[in-house]
Amino acid sequence: MDIDLPDVLAEVTAQFARYEAALVSNDVAVIDELFRNDSRTLRYGINESLYGYEAIMAFRAGRSPVGLMRKTDKTVITTYGRDTAVASTLFYRDVWSGK
């Protein structure tokens with residue numbers, strides 16, 4: 001198994017950055033595009049656990065666009081071959097951390 005092939009890692013890193021930009025700008029169309037349309041797709045948030053693409057879409061469509069800015073830290077992206085990747089990050093909002 002090839003871990004972190006440079007071209008795959010670059011592609012996933014670019015999509016992660018695209019997702020982060022869509023989150024803080026509340027670009028629902030891009031967020032919907034980036035989640036797999038599958039009932040097994042999961043999204044865990046601070047106050048919600050969403051199961052399935054439809055639940056994720058409904059949450060994003062109904063979410064207020066106010067106060068979405070955040071800072072990320074300790075982002076780790078690892079790719080496994082050409083078909084699998086895992087991305088994780090910590091995030092902080094000024095209203096929570098006093099930063």
Listed once per pair and sorted, the salt bridge (Lys or Arg N to Asp or Glu O under 4.0 Å) pairs that draw on residues 2-16, sequence neighbours left out:
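Checked against salt bridge (Lys or Arg N to Asp or Glu O under 4.0 Å) - neighbours excluded - the pairs reaching residues 2-16 are Asp7-Arg82.
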Which pairs count as salt bridge (Lys or Arg N to Asp or Glu O under 4.0 Å) when at least one residue sits in residues 16-29, sequence neighbours excluded?
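Every pair satisfying salt bridge (Lys or Arg N to Asp or Glu O under 4.0 Å) with a residue in residues 16-29: Arg18-Glu33, Glu20-Arg70.
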Using a 4.5 Å cut-off between side-chain heavy atoms of Ile, Leu, Val, Met, Phe, Trp and Tyr, which other residues end up in the same hydrophobic cluster as [X]?
X	value
Ile56	Tyr19, Leu23, Val30, Ile31, Leu34, Phe35, Leu50, Tyr53, Met57, Phe59
Met69	Val24
Val76	none
Val28	none

What pairs with Tyr80 under ring pair (Phe, Tyr, Trp, His ring centres under 6.0 Å), at least two apart in sequence or on another chain?
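Listed in chain order: nothing, the list is empty.
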Looking at residues at least two apart in the chain, or sitting in another chain, which of them share a ring pair (Phe, Tyr, Trp, His ring centres under 6.0 Å) with Phe16?
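So Phe16 forms no ring pair (Phe, Tyr, Trp, His ring centres under 6.0 Å) with any residue.
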For [X], give me all partners under side chain to side chain donor-acceptor pair (under 3.5 Å), at least two apart in sequence or on another chain.
X	result
Asp83	none
Ser25	none
Glu54	none

Which heavy atom in Ile77 sits nearest to a heavy atom in Ala87, and how many Å separate them?
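In this case the closest contact between Ile77 and Ala87 is CG1-CB, 3.9 Å.
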Return the minimal non-hydrogen interatomic distance between Thr79 and Ala85, and the atom names on each side.
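For Thr79 and Ala85, the tightest heavy-atom pair comes out as CG2-CB, 3.9 Å.
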Nearest-0.5 Å distance, OH of residue Tyr51 to CG of residue Leu42
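Here the interatomic distance stands at 6.5 Å.
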Between atom OG1 of Thr72 and atom CG of Leu90, what is the distance when rounded to the nearest 0.5 Å?
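Answer rounded to 0.5 Å: 9.0 Å.
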Are Met1 and Val86 connected in the hydrophobic side-chain network, where two residues link if heavy atoms are under 4.5 Å apart?
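Met1 and Val86: one cluster.
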How would you list, by chain and number, every residue that makes a salt bridge (Lys or Arg N to Asp or Glu O under 4.0 Å) with Arg63, sequence neighbours excluded?
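For Arg63 there are no salt bridge (Lys or Arg N to Asp or Glu O under 4.0 Å) partners, ignoring immediate neighbours.
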